[in-house]
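Right, one structure below, let's go through it.
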Amino acid sequence: MTSTLDDADTEKPVHRERFERPASPATGPRRVLRDLSGASVAGGAVGLVFSASGPIAVILSAGTHGGLSSAQLASWVFGVFFLNGILTAIASWVYRQPLAFFWTIPGTVVVGASLNHLSWPEVLGAFVVTALLILAIGLTGWVRTIMAALPMPIVMAMVAGVFLRFGLDLVTATGSDIGVAVPMIAVFALLSAFPRAGRIVPPILGALAAGALAVAASGRFALDSAGWLAQPMLQTPEFSWRAITELVVPLAITVLVVQNGQGTAVLKQAGHEPPTNVAAVLCGLWSLPAAAVGAVSTCLTGPTNALLVASTARSRQYTAGIVCGIGAIVVGLFAPAFVSFMLATPPAFIAVLGGLAMLRALQGAFVTAFSTNFTLGALLAFLVTVSGVNPLNINSAFWGLLAGVLVALVLERQDFTPHNR
């Protein structure tokens with residue numbers, strides 16, 4: 001059973017069931033509205049802006065290079081936002097913790113490379129088989145046990161390696177686009193330095209507003225004409241051993257180990273107890289209708305959840321998840337217009353916004369990774385993850401986690417004792 005979110009670490013969660021049930025019944029609309037605050041709305045909005053900017057560019061890049069039509073790309077974007085937005089809002093409400101489900105970004109990169117020699121129907125067939133595999137593994141109830149056995153410092157070192165690029169992008173964007181970056185950083189710093197002002201206008205929301213004003217003043221907002229409403233396409237998969245062999249295992253690993261591993265670690269670091277087995281089952285179930293409209297597999301995302309848990313007090317962070325989910329539904333319905341709007345802003349705007357929002361999450365990941373045990377394993381996990389190596393089309397975060405655990409098993413065996421852990 002999971003512990004209630006209102007308790008400040010006074011109750012240790014005890015898992016006796018294969019599938020985690022909510023610690024308490026889902027709160028009614030009045031309680032949700034009472035827990036809703038400007039900070040949680042801002043956190044949900046920033047999480048949504050992050051998901052609908054850089055990650056969207058990954059989809060557009062992969063699909064464009066793979067020869068997908070604009071209609072197929074719009075349907076893909078509809079699936080990853082509308083369907084996953086529903087899941088995010090419901091899961092966050094039921095479990096009273098932020099549970100942002102979106103799509104596997106490393107998996108999208110893998111798919112983009114495969115589109116050079118696989119047909120789109122073959123890729124869709126691999127999406128369906130991947131969904132069934134994730135669902136089957138989730139139903140075994142082993143996912144939580146496996147995740148619990150992984151040393152948290154090593155997992156968080158992998159997370160730090162993934163999150164590092166957001167901090168580096170912040171620095172790079174500041175050097176390349178001072179006119180946009182400096183106002184955002186200055187407003188963020190001022191609101192962070194004066195807590196009273198920060199409670200009225202959350203620092204990240206102030207940075208967003210300052211950046212929008214700076215972009216508008218510079219005259220660099222170039223909005224292309226686009227349609228408004230999404231038109232999802234039901235697409236027929238084609239099952240081939242070539243596509244299944246190449247894509248299914250890498251996609252399943254990026255969902256269950258890399259993405260869900262990040263999401264679980266971020267939420268635990270913030271004091272939550274995410275339903276790991278239930279999340280795996282939901283990822284498998286939701287990936288089936290997503291595949292039907294041409295969308296890559298669903299996952300419990302790490303970066304977006306890191307933004308949500310940084311929004312407000314822990315007991316109210318679930319409202320940020322609900323806001324993010326409802327916003328994602330809207331984005332899915334108006335996907336063509338929203339994507340056009342986000343891509344019309346300079347790259348520095350998104351890079352600075354994401355970097356500022358991820359600073360605390362990156363700091364927490366480093367502290368957890370290198371302040372106690374498993375420091376050598378954590379270092380290897382971090383280095384391999386940052387390296388970007390991807391043997392067998394599997395993302396470097398998986399290899400980083402694997403390398404860190406293997407090094408710890410050989411050279412840091414004493415840290416696996418219950419006393420040291």
Side-chain angles (χ1 to χ4, degrees), residues 35-55 92 97-98 100 159-160 162-218 266-267 269-272 301-324 327 342 345-368:
D35 287 343
L36 196 64
S37 65
S40 59
V41 171
V46 170
L48 179 64
V49 168
F50 167 80
S51 299
S53 52
S92 298
Q97 56 184 299
V159 172
V162 173
F163 287 1
L164 180 65
R165 71 177 181 87
F166 298 107
L168 295 177
D169 287 346
L170 168 63
V171 177
T172 303
T174 303
S176 63
D177 200 335
I178 295 176
V180 171
V182 170
M184 297 176 70
I185 296 172
V187 171
F188 181 87
L190 286 172
L191 291 173
S192 299
F194 297 96
R196 288 186 179 180
R199 283 192 290 268
I200 299 173
V201 180
I204 194 63
L205 185 58
L208 190 155
L213 290 174
V215 171
S218 68
V266 164
L267 291 168
Q269 180 71 12
H272 297 289
T301 175
T304 303
N305 277 308
L307 298 176
L308 298 181
V309 298
S311 60
T312 185
R314 186 179 62 171
S315 62
R316 297 185 175 189
Q317 289 167 359
Y318 77 99
T319 59
I322 295 174
V323 169
C324 184
M342 291 306 303
T345 60
F349 173 78
I350 300 301
V352 173
L353 185 67
L356 291 173
M358 296 295 290
L359 278 179
R360 290 296 185 186
L362 182 59
Q363 178 189 27
F366 274 118
V367 170
T368 302

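The first residue of the sequence shown is numbered 1, and numbering continues consecutively from there.
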Rounded to the nearest 0.5 angstrom, the CG-CE distance for L356 and M184 is 6.0 Å
State which residues pass side chain to side chain contact (heavy atoms under 4.5 Å, CB included) with L208; sequence neighbours excluded, sorted by chain then number.
V49, F349, L353
Compile the donor-acceptor pairs under 3.5 Å between side chains in residues 164-175 and protein atoms, sequence neighbours left out, one pair per line.
residue : atom : partner : partner atom : Å
T172    : OG1  : L168    : O            : 2.9
T174    : OG1  : L170    : O            : 2.7

What are the two closest non-hydrogen atoms of P183 and V180, and how far apart are they?
CD-O, 3.4 Å
Quick one: side-chain hydrogen bond (donor to acceptor under 3.5 Å, both in side chains) partners of T304, sequence neighbours excluded?
S51
Any donor-acceptor pair under 3.5 Å linking the side chain of S40 with the backbone of L36?
no
Tell me, please, which residues at least two apart from V309 pass side chain to side chain contact (heavy atoms under 4.5 Å, CB included).
P98, V266, L267, A270, H272, Q317
Show the nearest heavy-atom pair for residues V187 and A207, with the distance to one decimal.
CG1-N, 4.0 Å
Could you list the residues that satisfy side chain to side chain contact (heavy atoms under 4.5 Å, CB included) with A310, not counting sequence neighbours?
none
A365 to A160 - nearest heavy-atom pair and separation
CB-CB, 3.8 Å
Sorted by first residue and then second, give each salt bridge (Lys or Arg N to Asp or Glu O under 4.0 Å) pair with at least one member in residues 171-188; sequence neighbours left out.
D177-R220
Across all chains, not counting sequence neighbours, the side-chain hydrogen bond (donor to acceptor under 3.5 Å, both in side chains) partners of S192 are none
Please name all residues satisfying side chain to side chain contact (heavy atoms under 4.5 Å, CB included) with A209, sequence neighbours left out, ordered by chain then number.
none
Does any N or O in the side chain of N305 come within less than 3.5 Å of the main-chain N or O of A100, such that one atom is a donor and the other an acceptor?
yes
Closest non-hydrogen atom pair between G43 and L308, with its separation
O-CD2, 3.6 Å
Can any side-chain N or O of R314 pair as donor or acceptor with the backbone N or O of G271 at less than 3.5 Å?
yes
